Structures are given as structure tokens and as C-alpha cells.
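See structure below.
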Amino acid sequence: MAHVVQRLDQPSNYKDSQSRVDRGKQQDFLAKSSTLYIGNLSFYTTEEQIYELFSKCTSPEDGGGIKRIIMGLDRNTRTPCGFCFVEYYTHAEALACMKYISGTKLDERIIRCDLDLGYKEGRQFGRGKSGGQVRDEHRTDYDPGRGGWGAQAQLERRREFEERYADAQDGPGAVATGGGEWKETETAPVSLKRARSPDDEGDAFRLGPRSRLDDAEADRM
């Protein structure tokens, strides 16, 4: 059975493309590493949530615990982009968290944990062309927890919208000036003042002549 069921505390075969170590040295470093890489996080997951979850397998009474958490950020906007690094004080704590937490849900997302060679300044930024993670560059599905559509899908949808809008401007009945021509056909304001009838003249004759001041006061009413 040991050869059938894969151990949950074993690191994956992933190799950092920017790492300058070979496979052999990588395995040696991972055998002592106390850093975890956490992937598939929601953009809205906070550092406090990560600390609360990943401190469940630590042993502070034995001098262990979480040393620090480095949130992954979009290179352009400096906002979370779905990954982080968690550094522990001991290798055993990192293995325990990878074993018991990887594959569980955080913010309704199944998160992935893997041993990491160790955090270096600059690794907190996404490596995708749009600033985020590479895996979000070519994603074609809609994922509200990771910014909606993937970067390429957003670009294609924006291009499609612009082409459709351009076709609408060139089509029949289009208004090239942005709809300002309606002002030319604007009609004069309609007066709500009632015209005077002969009966009014008769009333005025019976009541006597009215002064211009009286007419002005009547118009204001």
C-alpha cells in the first residue's frame, strides 16, 4: 500500500524556473525547508485568515509557530493575486501543515500547499504579463474569486466589444457627433398662459380699466 497511496507530506515535482539549482540540490533544500507555498487562494482572502488556518499545526510551546506570511501581489496594482508564502520556525511544522491543510477549503476554494525553497525578495510579485499569476493569464473560465475572467479572456472580450461598438457607429442611423444634433431641432418653449377671450374683455370693461402694474402682477401669479 505504501507504493499505491502517495504520501501527503511529499513535495511536488515543481521546479521554479528562476531557480539556479539543479534537481538534486533542490531535493536537499526541500528536505530542510520550513517555507510553504500556498496557491489557488481567493483574491479576497486576508493575511489574518491564512494565519488562523496555518497556525493549527504549529507548536508554539516548543519554540515553533509561524515566522511570517508574505502575500502574493499583482506586480502592477500591488493587490493580492491568489498566492502566498508561509514561513515556519521548523521543517516539521511545514510538513504537518502541508499534510493536513493542503486540499482543504479556505474561502470556499480548495487550496494547494507545497514545500518551497525559501522566499527571496521579489518573489511576492506575480510573473504574468498583466501583473498577476501566469495561471490567470490563459484562464478562460469566469472565477469571481480570482478577478473574474482570465487576462487573455478579458482582452478578447474588450476587443470584441470595441469592434461591435465601432460597427454600431458606422451602421445606419448612427450619430457620429455623439447625439448632439438633437439640439438643432429643439422647439421653442410652449407658453402655458391662457389667451384672453372676449368674455375677459367684457369683464374688464365692467370692472373698469386695469393698469399696466396690475397686468404685471397677474402675469407673475
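Keep in mind that this is a model prediction, so the values were computed, not measured.
A distance-only check finds no donor-acceptor pair linking the side chain of D62 to the backbone of G64 [under 3.5 Å]. Side-chain atoms of D114 do not come within 3.5 Å of backbone N or O of Y37 as any donor-acceptor pair. In this structure, T58 contributes its side chain and P60 its backbone to no donor-acceptor pair below 3.5 Å. Between the side chain of Q26 and the main chain of V21, no donor-acceptor pair closer than 3.5 Å is present. Not a single donor-acceptor pair under 3.5 Å links the side chain of S33 to the backbone N or O of F29. A donor-acceptor pair under 3.5 Å is formed between the side chain of S55 and the backbone N or O of E52. Looking at T35, its side chain never comes within 3.5 Å of a backbone N or O of G118 through a donor-acceptor pair. Between the side chain of H91 and the backbone N or O of S34 there is no donor-acceptor pair closer than 3.5 Å.
I70 is not listed as a side-chain neighbour of R123, based on a closest heavy-atom distance of 4.5 Å or more. Residues I66 and Y88 form a side-chain contact, since some pair of their non-hydrogen atoms from C-beta on lies under 4.5 Å apart. In this structure the side chain of T79 never reaches within 4.5 angstrom of the side chain of F43, judged on heavy atoms. S59 is listed as a side-chain neighbour of E93, based on a closest heavy-atom distance under 4.5 Å. Residues Y119 and E121 form a side-chain contact, since some pair of their non-hydrogen atoms from C-beta on lies under 4.5 Å apart. Using a 4.5 Å heavy-atom cutoff, the side chains of L41 and D107 are not in contact. With contacts defined as side-chain heavy-atom distances shorter than 4.5 Å, the pair I111/L53 qualifies. D143 places a side-chain heavy atom less than 4.5 Å from the side chain of R109.
In the hydrophobic clustering of this structure, F85 does not group with L115; members are Ile, Leu, Val, Met, Phe, Trp, Tyr whose side-chain heavy atoms approach within less than 4.5 Å, directly or through other members. Hydrophobic clustering (side-chain heavy atoms under 4.5 Å, transitive across Ile, Leu, Val, Met, Phe, Trp, Tyr) groups Y51 together with M98. Side-chain heavy atoms closer than 4.5 Å link hydrophobic residues (I, L, V, M, F, W, Y) into clusters, and following such links, possibly through other members, connects V86 to L30. Cluster membership for I38 and F83, using ILVMFWY side-chain heavy atoms within less than 4.5 angstrom, is not shared.
To the nearest 0.5 angstrom, Q49 atom CD is 11.0 Å from I69 atom CD1. Of the inter-residue distances, the one linking R78 atom CZ with M71 atom CE reads 15.0 Å to the nearest 0.5 angstrom. Atom CD of residue Q10 and atom CG of residue L95 lie 8.0 Å apart, to the nearest 0.5 angstrom. To the nearest 0.5 angstrom, C81 atom SG is 7.5 Å from R146 atom CZ. Taking CZ from R23 and CG from D28, the interatomic distance works out to 13.5 Å, rounded to the nearest 0.5 Å. Here the straight-line distance linking atom CG of N76 with atom CZ of F125 works out to 10.0 Å at 0.5 Å rounding.
For the side chain to side chain contact (heavy atoms under 4.5 Å, CB included) criterion with R135, the lone passing option out of H138, Q133, E137 is Q133.
Ion pairing between a basic and an acidic side chain is recognised when a charged N comes within 4.0 Å of a carboxylate O; D136 and R139 show such pairing.
Residue-environment remark: OH (Y14) exceeds the threshold of 12 foreign heavy atoms within 6.0 Å.
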